[in-house]
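Accompanying notes for the structure given below.
Nothing fancy with the numbering, it's 1 onward along the sequence.
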Amino acid sequence: MDRNIFRGLPLLCLLLAPWAHTAGAAPVQLGQSILRLDGPWKFHTGDDPRWAAPDFDDSAWETMDLSAPPDANDGDVGITPYTSGWTAKGHPGYQGYAWYRLHTAVLPAVGGSLALLGPWAVDSAYQLYVDGILLGGVGDFSGATPTAYGYHYPHYFGLPPAAAQGGGMEIAIRVWMGPWAVASPGAGGIHVAPALGSEASIAAQYRLQWLKIFEGYAVDVVPAL
């Protein structure tokens with residue numbers, strides 16, 4: 001189902017180049033498609049609020065690819081395409097905070113505006129920033145230790161007016177993984193890349209994600225009933 005929704009347009013692959021803070025990157029018209037932001041993202045363990053700033057220099061950070069085979073899934077509710085987390089990508093045994101950053105340049109269809117679909121499989125909580133503005137997230141970061149709400153949690157983000165009209169955009173995601181998740185194979189951070197697209201397309205995909213979760217758990221609930 002998801003594979004039929006993510007339809008690329010010519011040159012969309014240009015959006016995924018490592019353009020962090022590159023002046024003059026030409027925005028690409030997005031139309032009605034949804035672009036999965038596989039990256040490569042800039043990635044760094046630890047935590048610093050300055051890392052949300054759009055002008056922060058992340059050139060020395062490592063890169064992390066969030067792409068995955070279309071049929072790779074979480075082995076639970078069938079979420080696809082699913083990629084391993086940071087413990088399988090150079091950070092075995094690490095738990096705590098980490099940040100992902102991506103610079104992209106894209107324009108909505110004429111007369112339209114953009115929205116973001118959050119990553120819907122994350123160990124264990126996250127906050128999402130666009131151009132340094134906190135849009136929200138999944139989990140509670142108000143205490144000394146974050147509180148995770150759930151592993152599968154779709155989230156729709158309306159963008160600030162300037163970002164919704166497209167152009168250069170800096171996306172930063174602050175992730176925290178709880179100690180209980182470390183023992184799981186391939187745990188750590190984002191497992192399904194966020195997506196960018198028109199408001200209508202993102203809203204439709206958001207509803208499909210919740211339906212997928214319902215269907216996945218219904219398989220277990222119905223026999224029990």
Point to revise | Residues forming a side chain to side chain donor-acceptor pair (under 3.5 Å) with Gln95, sequence neighbours excluded | key: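 For Gln95, no residue satisfies side chain to side chain donor-acceptor pair (under 3.5 Å) once neighbours in sequence are set aside.
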For the hydrophobic clusters of this structure (ILVMFWY residues joined by side-chain heavy atoms under 4.5 Å, transitively), does one cluster hold both [X] and [Y]?
X: Trp210; Y: Tyr82; value: yes
X: Tyr149; Y: Val192; value: yes
X: Leu135; Y: Phe141; value: no

Check your understanding: Do the rings of Phe157 and His155 sit parallel, tilted or perpendicular, given the 30° and 60° boundaries?
Key ->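 If you compare the ring of Phe157 with that of His155, the planes turn out parallel.
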Under a 4.5 Å cut-off applied to non-hydrogen side-chain atoms, are [X] and [Y] in contact?
X: Leu37; Y: Leu116; result: yes
X: Pro119; Y: Tyr100; result: no
X: Asp38; Y: Asp65; result: yes
X: Trp176; Y: Thr145; result: yes
X: Glu170; Y: Asp58; result: yes
X: Pro194; Y: Ile173; result: yes
X: His191; Y: Asp74; result: no
X: Gln165; Y: Ser113; result: yes

**Study point:** Test side-chain contact (heavy atoms from CB on, under 4.5 Å) applied to Glu62 and His91, step by step
**Key:** CA-CA 12 Å; Glu62 67 180 282; His91 300 274; 2.7 Å; yes
**Study point:** Partner set under ring pair (Phe, Tyr, Trp, His ring centres under 6.0 Å) for His44, not counting sequence neighbours
**Key:**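 His44: ring pair (Phe, Tyr, Trp, His ring centres under 6.0 Å) contacts with Trp51, Trp61.
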Check your understanding: Under the ring pair (Phe, Tyr, Trp, His ring centres under 6.0 Å) test, which residues partner Tyr126, sequence neighbours left out?
Key ->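 Not a single residue meets the ring pair (Phe, Tyr, Trp, His ring centres under 6.0 Å) criterion with Tyr126.
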Nearest heavy-atom pair of [X] and [Y]: which atoms, and what distance?
X: Ala193; Y: Leu66; result: CB-CB, 4.1 Å
X: Ala164; Y: Pro108; result: O-CG, 3.9 Å
X: Lys42; Y: Thr63; result: NZ-CG2, 3.9 Å
X: Glu199; Y: Leu114; result: CG-O, 3.9 Å
X: Ala187; Y: Ala181; result: CB-O, 3.1 Å
X: Ala163; Y: Asp131; result: CB-OD2, 4.1 Å

Spatial distance of atom [atom1] ([X]) from atom [atom2] ([Y]) [nearest 0.5 Å]:
X: Ile171; Y: Leu128; atom1: CD1; atom2: CG; answer: 7.0 Å
X: Met64; Y: Ile190; atom1: CE; atom2: CD1; answer: 9.5 Å
X: Ser201; Y: Leu117; atom1: OG; atom2: CG; answer: 11.0 Å

Do the side chain of [X] and the main chain of [Y] share a donor and acceptor less than 3.5 angstrom apart?
X: Lys212; Y: Ile79; result: no
X: Arg101; Y: Phe56; result: yes
X: Thr83; Y: Ala68; result: no

Check your understanding: Which of these passes ring pair (Phe, Tyr, Trp, His ring centres under 6.0 Å) with Trp86: Tyr97, Tyr94, Trp99, Trp41?
Key ->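 So, applying the ring pair (Phe, Tyr, Trp, His ring centres under 6.0 Å) to Trp86 and each of Tyr97, Tyr94, Trp99, Trp41, only Tyr94 qualifies.
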Exercise for review: Show your reasoning for whether side-chain contact (heavy atoms from CB on, under 4.5 Å) applies to His152 and Asp76.
Suggested key: CA-CA 10 Å; His152 304 129; Asp76 185 7; 3.3 Å; yes
